[in-house]
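Data block below; observations after.
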Amino acid sequence: MPTLNAVQNRCDEWLANRYPEIAVYQATTSFPFQGLSTHTVLPGHVNSGPATAGDINADALGNSPSDQEESWADADMFPVVAFWPCALTINVYEGPDGTGYVVCSQFRYNGDLWMQCVNFGPDTGNDVPWTFVDENAP
Amino acid sequence: MMFTYPIAHLGGAGVIPSTLLDGLLSWFELNEESGVRADSHGSISLTDNNTTGFAAGKQGNASLHVEANNEYLSNSDTGYDHSIPIASGSYWSRYSSLPNTAPRAWSARRGSEGTEVYVLASDSKQYLVWSGASTLAGDLRTINTWEFTYWYVDTTNDNGGIQLNNNAIIENIGGFVDPSPPLDQILRIGQTAGTTANRGWNGEIDLVNMYNRVLTSDEVTALYNGGAGLAYPG
């Protein structure tokens, strides 16, 4: 019977191993990788059942932005992981202080959308703690 | 006394009021083809997020945003005066589709208070939204067409307005009360400045400017410039 905090903590633990893998890609290629959402349907967790019941396969690793050839799969960034507790996107930026990237993770809990973003680079203000996203706002 | 000078050489008609530099905070020509976009008047720069492209604009180039790629321009600390009671601005934009319910061409938010002001296009109509407390419906827009937008928020007189092209401005007295316009922190072009998901623009944006005062109708007409748009007048 996972609580919201329990789901967030599981995602944080899982993400702790993803961040170094993304950093290795950056260090190897010397350019930031932009990743569209890894899932077409976000992992959906509920407050009942086993803790891992909402984990689902990342089914969109073959997608890439229209101005970047490499997809997640092409970049070979992650080991094969059958089930993910949250979906990932990577947004890249080029600012006056240099380039960087922001890893954002999302999941649903009882239908509500939750999001977190972690910045890697010079731009401040990109970090977003776990936040409820109002999808019905104008 | 207002001084004017001809702008016929720019492709428009009429004259530019010399006051167009008064109270101007920033003016983004958006002529760059990639990377950081410069402020022709002020000192802030726009960070390029997810390799925003370019295309022919109203004057020179425009920024080209692909919503599916989450391409937008941003500044996370504009440093504009927190206490200014009035803000206004204009821009040109063209959308190639409306892939989500409320794409933003322009948005600003004060992160510490969550206050946000933005213009969105939903159901082909543009709206001026003030922190969710007041929404002012503007005119219908047309897909794949360059269109001019002017907006203002005047918390001193509890008023706001939005204008499309050279149509009559639509105003709404009430609802635009304190807090002051949140221009001092997060500014985004082509995406929401808030945390609402999927509000990206799909198309071009050009000639974005912001002021700390309401513009006169003559000044707005000069910015519209007979449909040609106006390059930075400084």
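In what follows, chains are A, B, ... by sequence order, proteins preceding strands, each numbered from 1. On a predicted model such as this, the values are computed, not experimentally measured, just so you know.
Between A/Tyr19 and A/Phe120, the ring centre distance stays below 6.0 Å.
Interface remark: A/Thr131 contributes side-chain atoms only to the contact with chain B (heavy atom separation under 4.5 Å). Looking at B/Ser76, only its side chain comes within 4.5 Å of chain A, counting heavy atoms on both sides. Contacts between A/Asn63 and chain B at a heavy-atom distance below 4.5 Å are absent for every atom of the residue. For a residue to count as touching a neighbouring chain, one of its non-hydrogen atoms must lie under 4.5 Å from one of that chain's; by this rule B/Val66 touches chain A with the side chain only.
Of the residues listed (A/Thr99, A/Asn119, A/Asp123), the one engaging A/Tyr93 in a side-chain hydrogen bond (donor to acceptor under 3.5 Å, both in side chains) is A/Asn119, and it is the only one. When A/Thr89, A/Leu88, A/Ile56, A/Leu61 are each tested for a side chain to side chain contact (heavy atoms under 4.5 Å, CB included) with A/His39, only one passes: A/Ile56.
By the 4.0 Å N-to-carboxylate-O rule, B/Asp206 lies too far from B/Arg94 to be salt-bridged with it.
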